[in-house]
Structure formats: C-alpha cells, structure tokens
K.L.:
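Here it is, the structure, as structure tokens.
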Amino acid sequence: MSTCYGAERRRLFARLGSVPNVPLRQSFWQNTAVTASGYQRIGVTFMSRTRINHVLQTSEPGSIVNVRGWVRTRRDSKQGFSFVELYDGSCFSGLQIVVDANVPGYEHIKEVTTGASLSVTGEVKASQGAKQRVELLAQKLELLGKADAETYPLQKKQHSFEFLREIAHLRPRTNTFGAIARVRNAASAAIHEFFQERGFNYVQTPIITTSDCEGAGQMFSVTTMDLHKLAKSGGEVDFNQDFFGKHASLTVSGQLEAEIFACSVGDCYTFGPTFRAENSNTTRHLAEFWMVEPEMPFYDLDDNMALAEAFIKHVVGRIMERRADDMQFFNERIDTTVIATLRNILDHEFIRLSYTEAIEILEKSGQKWEYPIAWGGDLQSEHERFLTEQHFKQPVILFNYPRTLKPFYMRCNEDGKTVRAMDVLVPRVGEIIGGSQREERLDVLELRMKECGLNPADYWWYVDLRRYGTVPHAGFGLGFERLIQLVTGMVNIRDCIPFHRVPKSADF
RNA sequence: UCCUCUGUAGCUCAGUCGGUAGAGCAAGCGACUGUUAAUCGCUGGGUCCUAGGUUCGAGUCCUAGCGGAGGAGCCA
C-alpha cells in the first residue's frame with residue numbers, strides 16, 4: 001500500500017511536483033490515499049493499477065488505465081492484432097484487451113498464454129463486441145510472468161471439481177472458484193455487519209482447549225511431545241510432561257467460552273475455525289471448518305429462532321445484492337435453481353415445527369423410509385430432506401428435541417422429556433444451524449451432566465456461571481461452509497473452503 | 001467407519017468375447033476470422049493406479065493394497 005505520511009509524503013509530492021491541497025487526515029477519512037499517481041480512491045486504484053471491475057463498470061471511454069492480472073484466453077487475428085481476456089479477481093468478468101501488432105510488447109504475444117500475468121496500459125473504448133460495455137485498446141503490454149502452455153494445468157475448458165481439488169493452488173483462477181472466493185468474502189462481511197449493527201461483541205475464543213469433551217465429536221490432540229520416542233518407550237503417556245501440563249486438543253466449538261462473555265458483556269458472537277476429527281467422508285463435512293456462534297443473554301428459544309432466521313436472511317440478501325455477477329454464474333452453470341431457492345428463503349417465514357409435530361408429519365406422509373420413524377429416535381437425512389425439499393419446500397426450524405438425543409447444556413422443558421434445542425434445516429444442505437436455549441439452573445445442569453456421563457468438576461468454570469448471577473440465555477452455531485454451499489449451489493463442501501481438510505487429505 | 005461406483009493421453013472419457021490403445025477437448029504447426037467455450041486442417045502425445053495371481057497371451061478376469069467420487073452414520 002502506498003499511503004504515506006510525514007517526510008515520506010513530502011518527498012513523494014516533491015517528486016510528483018505538486019502537493020494536493022487536501023489535509024492528510026481529511027483525505028484518510030474520505031477514504032482516499034496518496035499514491036504514486038496522485039490522489040485516488042482506495043479500492044479502485046492500487047498504485048497506478050486500476051481494478052478490472054472498476055474499468056468494466058465505471059471507466060469512461062477515452063480514459064487511460066493500467067490493469068494487471070492473469071490471462072484467461074488469447075485469440076489472434078492474422079490481420080495483425082490479438083484479443084486478450086485479462087482477469088484480476090475483482091469481479092466475475094475479465095476485461096477484453098485489443099492489442100495491435102505495433103503495440104510495444106506485442107513481440108511477446110505468443111507467450112501471452114492462458115495463465116500468464118500481464119500489465120497493460122491502454123485506452124478504455126466502447127466495445128464493438130456484444131458481450132461487454134467497454135474494452136481496452138492497449139498502448140503498452142508488459143509480460144510479467146509466462147505460463148508454459150504445455151505444462152500449465154488450467155485450460156480453456158471446464159475441469160472437473162475433483163481435478164481442481166488436486167490443484168487447489170491454481171483453482172481460484174477459475175470462474176467458479178473466483179466466484180466462490182468473492183461470495184465467501186461477501187458472506188463474512190455480511191455476518192460481521194449483521195452482528196455489529198445489533199451491538200454484538202465479536203469474541204475470539206481459544207483454538208486450543210483442555211476441556212476433554214465439549215460435546216461435539218472427536219478431537220485432534222495437540223502436543224509437543226516426541227511421538228517417535230514415545231512409541232519406542234512403550235510406556236504410559238504422561239501429559240504432565242506435555243506443554244500445557246495436561247492433555248490438550250483443538251476446539252470443536254467456542255460455545256462454552258462464548259457463554260462466559262454473553263453472561264458478562266452481553267450479546268456476542270464468535271467466528272473462527274473449528275476442528276472435528278471424525279472420520280466423515282461426505283459432501284457436507286470437513287475436519288477443519290469455520291463456525292459462527294452467537295450467544296445472547298436474556299434470550300429464550302423463540303428469540304433464538306427469530307435471530308437465526310433474521311441472520312440467514314440478512315446474509316443471503318447481502319450476497320444477492322453485492323455479488324449479483326457471481327450469483328448469476330452459479331445460477332447458470334452450477335445449480336439452475338439456486339437463485340429461486342434463495343429468493344424463496346428471503347420471501348417466506350421459516351417454518352417452526354416441534355420435533356413431535358415433525359414425527360407426526362413423517363408418520364402420516366405415506367413415504368417408505370429406510371430408517372423407521374419413532375418418537376425418541378434421531379431424524380435421518382432422508383427425513384430432514386423430506387421436510388425441507390418435499391413437504392414444506394423451504395427452511396424449517398425444528399425445536400424441542402427429546403433430551404436423550406441432545407447434549408447436557410440444553411435447557412430442559414417442563415415436560416421432562418424434551419430440551420429447548422433447535423436445528424435450522426435448509427433444502428439440499430440439511431442442517432445449517434444447531435442451537436438451543438442453555439440450561440441456566442444450577443441443579444438441573446449438574447444433574448444433566450451426570451446423566452451424560454460428565455463430571456461437573458471438570459467444567460467448574462462453566463457451572464460457576466449458574467452459581468453466580470445466572471440468567472436465561474441462548475445461542476446457536478452456523479456452519480459457514482454449509483452456508484456457502486446453500487448460497488452457491490455447490491454440491492461438495494470441499495469446494496466451499498479455500499483449502500479443504502478431510503480424512504486422508506490436508507495438502508496445500 | 002459401512003455400502004456402491006471408479007482409477008486408461010495434460011483434461012473428460014470410450015475400449016465389445018481376454019489377442020499389445022481410441023475419441024473429444026487441450027498443446028504444437030498452418031489456414032481463416034472484431035474475436036469472445038471461435039472455426040477448419042495437420043502433427044506429437046500412453047509405466048492402462050500399485051503389487052501379486054490365472055492364462056500361450058491381461059487395460060479387460062481374480063486377490064490384496066492405495067487414491068478418488070456418491071450414499072449412510074457422526075454433525076455445523
């Protein structure tokens with residue numbers, strides 16, 4: 001970044017020969033920066049480079065710009081010029097550049113192949129072609145980096161997602177993965193926006209934990225002990241000798257810590273990586289994924305469900321608004337129903353359905369189930385899909401599950417059989433949110449812990465929240481990559497994170 | 001972890017009854033062209049995942065292993 005201050009700034013202006021009459025502080029707050037080419041808006045121009053999205057959307061014909069990026073395709077005309085499509089990731093489309101044979105740099109045109117990097121200065125022109133508003137008539141072309149066409153893995157054709165997973169370092173250069181990256185970014189921003197607008201505190205909960213069981217699956221161990229030595233010794237493992245003096249793991253949830261802040265500074269949320277060492281091989285599980293976990297004091301289950309619905313609608317709405325170009329691509333090439341699905345989500349109230357009511361609907365459905373329906377049993381994928389994809393055809397929030405199916409921290413209902421749990425189910429992806437009102441009563445919580453085979457003493461700090469100034473509170477967890485699956489229509493969650501970690505695979 | 005499918009050219013795949021290998025795309029060369037998944041012609045390109053086995057002979061059949069995909073479970 002070339003924003004500069006003080007002596008450096010004076011030197012720069014001395015070199016440029018003029019000092020714009022704008023106070024530095026004012027320029028900073030007006031979202032501008034001093035650059036080598038004078039004052040320009042941050043985010044549009046970087047040094048002397050203009051982003052392609054800006055050229056395509058707002059650059060006036062006649063203006064001179066410099067663009068830099070990677071070549072998508074080149075088409076030559078023997079009349080003595082070439083078309084180069086340049087992509088810099090700033091938007092879905094590339095910029096068509098017309099390079100005449102007399103342009104300095106044209107002598108390297110044969111090396112301007114798919115994947116090569118270029119810097120091109122030229123004049124913005126209204127396009128003669130039908131597929132773009134403007135194009136760039138090159139005045140100078142600089143080949144920054146070659147990409148040998150014989151060995152460069154990406155071609156001007158569709159590749160399978162399986163193949164692209166093997167070249168995860170190059171796949172963000174493709175249409176699909178560029179679009180996913182931008183949508184992921186828009187989703188992250190919308191998530192922070194949603195909570196910040198509502199006065200939530202963003203809390204960073206620990207990645208490393210020594211709570212042996214957080215109630216959400218197998219954990220990865222963290223150790224500095226020499227495993228080779230340990231294997232040879234054949235003795236017992238003494239975690240007192242380990243870095244933390246006890247057995248440590250990667251977190252499977254920030255919820256327990258988030259509750260601490262909910263019960264002190266108020267509404268809060270976490271947004272961070274989560275690790276599950278389950279041997280899960282599906283299109284919707286990752287060993288390392290990102291989770292959003294809001295936690296709110298003085299919320300009951302109804303408040304919690306209302307927040308979850310507003311949350312999903314906010315994020316989906318923002319993405320549709322801000323990444324319309326990428327969404328159009330997903331709708332054309334990935335899943336032709338994805339925009340309709342999202343509209344449907346925005347336009348309708350989520351169905352709220354108790355577990356008991358869901359069981360009744362499934363029993364009366366007349367469907368043949370691979371797994372039988374019975375009150376007290378877990379709902380299977382086929383049951384959840386039936387509810388969201390066939391029966392209601394929209395998101396469904398299931399609540400009040402049997403207590404035997406759910407972890408210790410969920411609040412027990414007066415019926416003695418159910419807890420105030422909720423799962424938000426969406427078409428195709430399934431469970432995207434899991435949450436609950438938390439058990440705030442000390443005696444009930446301790447009872448439930450024992451019922452679940454846990455020792456309350458191991459969670460003394462968690463139990464303390466109920467001992468001192470306990471309040472009703474609630475929260476939920478949203479799987480960020482599942483949200484990306486929902487929004488993009490991508491089938492496999494491994495394609496919804498830049499670098500996926502699953503059993504037998506953690507490259508890049 | 002279980003079930004099913006799958007592994008052949010850079011990529012996507014075909015390969016019949018067991019008889020030593022094919023297409024499209026990509027690449028290289030050429031033609032043509034304000035083109036935009038351009039088009040047309042020619043050329044080059046193979047450890048048929050690995051290790052065993054059956055057989056005169058295995059890409060093809062059998063066994064084991066290792067990948068990959070889909071479904072299920074666990075969950076977000």
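All values reported here derive from a predicted model rather than from experimental measurement. Lettering follows sequence order; numbering is per chain, from 1.
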K.L.:
Answer yes when A:Arg352 and A:Glu309 have at least one side-chain N-carboxylate O distance shorter than 4.0 Å, and no when they do not.
P.N.:
yes
K.L.:
Please state the P separation for the pair B:G18 and B:U55 - nearest whole angstrom.
P.N.:
16 Å
K.L.:
Expressed as a whole number of Å, how far does the P atom of B:G59 sit from that of B:U47?
P.N.:
14 Å
K.L.:
Please work out if A:Ile433 contacts a base, only the sugar-phosphate, or nothing of the nucleic acid, heavy-atom cut-off 4.0 Å.
P.N.:
sugar-phosphate
K.L.:
How close or far is atom C1' of B:G73 from atom NE2 of A:His383, stated in whole angstroms?
P.N.:
13 Å
K.L.:
Using a heavy-atom cut-off of 4.0 Å across all strands, would you classify A:Arg165 as base, sugar-phosphate, or nothing?
P.N.:
sugar-phosphate
K.L.:
Would you say A:Ser280 places a side-chain N or O within less than 4.0 Å of OP1 or OP2 belonging to B:C75?
P.N.:
no
K.L.:
Side-chain donor or acceptor of A:Gln155 under 3.5 Å from a matching atom on the base of B:G10?
P.N.:
yes
K.L.:
Can you tell me, in whole Å, how much space there is between the C1' of B:G45 and that of B:A26?
P.N.:
11 Å
K.L.:
Give the rounded distance in Å between these two atoms: CD of A:Glu370 and C1' of B:C2.
P.N.:
12 Å
K.L.:
How long is the line joining CZ of A:Phe275 and C1' of B:A76, in whole Å?
P.N.:
14 Å
K.L.:
Would the number of heavy atoms belonging to other residues, nucleotides or ligands and lying under 6.0 Å from CD of A:Gln158 be above 12?
P.N.:
no
K.L.:
Does A:Lys110 pair with A:Asp76 as a salt bridge, N-O distance under 4.0 Å?
P.N.:
yes
K.L.:
At 4.0 Å (heavy atoms only), tell me whether A:Tyr152 reaches a base, stays on the sugar-phosphate, or touches nothing.
P.N.:
nothing
K.L.:
Work out how far the P atom of B:U60 is from that of B:C3, and round it to whole angstrom.
P.N.:
24 Å
K.L.:
Is it true that A:Asp423 and A:Lys406 have a side-chain N and a carboxylate O under 4.0 angstrom from each other?
P.N.:
yes
K.L.:
Measure the distance from CG on A:Leu405 to P on B:G73 and round it to the nearest whole Å.
P.N.:
14 Å
K.L.:
Contact class for A:Arg385 (heavy atom, under 4.0 Å): base, sugar-phosphate, or nothing?
P.N.:
sugar-phosphate
K.L.:
Hey, does the Lys NZ or Arg CZ of A:Arg198 hover above the aromatic six-ring of A:Phe194, less than 6.0 Å from the centre and inside 45° of the axis?
P.N.:
yes
K.L.:
For A:Asn492 and A:Glu431, find the nucleotide of RNA chain B closest to each by heavy atoms; which residue's nucleotide sits nearer the 5' end?
P.N.:
A:Asn492
K.L.:
If you measure from the P atom in B:G53 to the same atom in B:C13, how many Å do you get, rounded?
P.N.:
32 Å
K.L.:
How long is the line joining CD of A:Glu150 and P of B:G10, in whole Å?
P.N.:
11 Å
K.L.:
Less than 4.0 angstrom from a charged side-chain N to a carboxylate O is my criterion; do A:Glu451 and A:Arg403 meet it?
P.N.:
yes
K.L.:
If only side-chain N and O atoms of A:Arg284 are considered, is one of them under 4.0 Å from the OP1 or OP2 phosphate oxygen of B:G70?
P.N.:
no
K.L.:
Quick one: does any side-chain atom of A:His383 pair with a main-chain N or O of A:Gln380 as donor and acceptor, under 3.5 Å?
P.N.:
yes
K.L.:
Could you state the NE2-P distance from A:His159 to B:A26, rounded to the nearest angstrom?
P.N.:
11 Å
K.L.:
I want to confirm an ordering. Mapping A:Gln380 and A:Met291 to their closest nucleotides on RNA chain B, which one lands closer to the 5' end?
P.N.:
A:Gln380
K.L.:
Between B:U20 and B:C48, how far is it from one P atom to the other, in whole Å?
P.N.:
15 Å
K.L.:
With a 3.5 Å cut-off and no angle check, do the side chains of A:Thr274 and A:Trp290 form a donor-acceptor pair?
P.N.:
no
K.L.:
If we ignore hydrogens and angles and just use 3.5 Å, is the side chain of A:Arg448 paired with the main-chain N or O of A:Pro407 as donor and acceptor?
P.N.:
yes
K.L.:
Do the side chains of A:Glu193 and A:Arg318 get close enough for a salt bridge, i.e. N-O under 4.0 angstrom?
P.N.:
yes
K.L.:
For nucleotides B:G70 and B:C62, find the distance between their P atoms and express it as a whole number of Å.
P.N.:
26 Å
K.L.:
So A:Phe289, base contact, sugar-phosphate only, or nothing? Heavy-atom distance under 4.0 Å.
P.N.:
base
K.L.:
Roughly how many Å is it from CG in A:Asn281 to P in B:G67, rounded to a whole number?
P.N.:
11 Å
K.L.:
Which glycosidic conformation, syn or anti, is assigned to B:U8 if syn requires a torsion within 90° of zero?
P.N.:
anti
K.L.:
What is the distance, to the nearest angstrom, from the CG atom on A:Leu486 to the P atom on B:A76?
P.N.:
17 Å
K.L.:
Let me check I have this right: for RNA chain B, each base becomes ., (, ), [, ] or |, based on Watson-Crick or G-U pairs with both distances under 3.5 Å. What is the full string?
P.N.:
(((((((..((((.....[..)))).(((((.......))))).....(((((..]....))))))))))))....
K.L.:
Measuring from the side chain of A:Ile493 (C-beta onward, heavy atoms only), which nucleotide among B:G68, B:U12, B:A76 has the closest atom?
P.N.:
B:A76
K.L.:
With a 4.0 Å cut-off on N to O distance, would you call A:Asp495 and A:Arg171 a salt bridge?
P.N.:
yes
K.L.:
When you compare B:U6 with B:G73, how far apart are their C1' atoms, in angstrom units rounded to a whole number?
P.N.:
22 Å
K.L.:
Please work out if A:Ser82 contacts a base, only the sugar-phosphate, or nothing of the nucleic acid, heavy-atom cut-off 4.0 Å.
P.N.:
nothing
K.L.:
Could you run through nucleotides 30-37 of chain B and give me one letter per nucleotide, 5' to 3': B if any protein heavy atom sits under 4.0 Å from the base, S if only the sugar-phosphate is that close, - if neither?
P.N.:
-SBBBBBS
K.L.:
Using distance alone, with no hydrogens and no angle criterion, decide if A:Thr50 and A:His54 have a side-chain donor and acceptor under 3.5 Å apart.
P.N.:
no
K.L.:
Below 4.0 angstrom from OP1 or OP2 of B:G71, is there any side-chain N or O of A:Ser381?
P.N.:
no
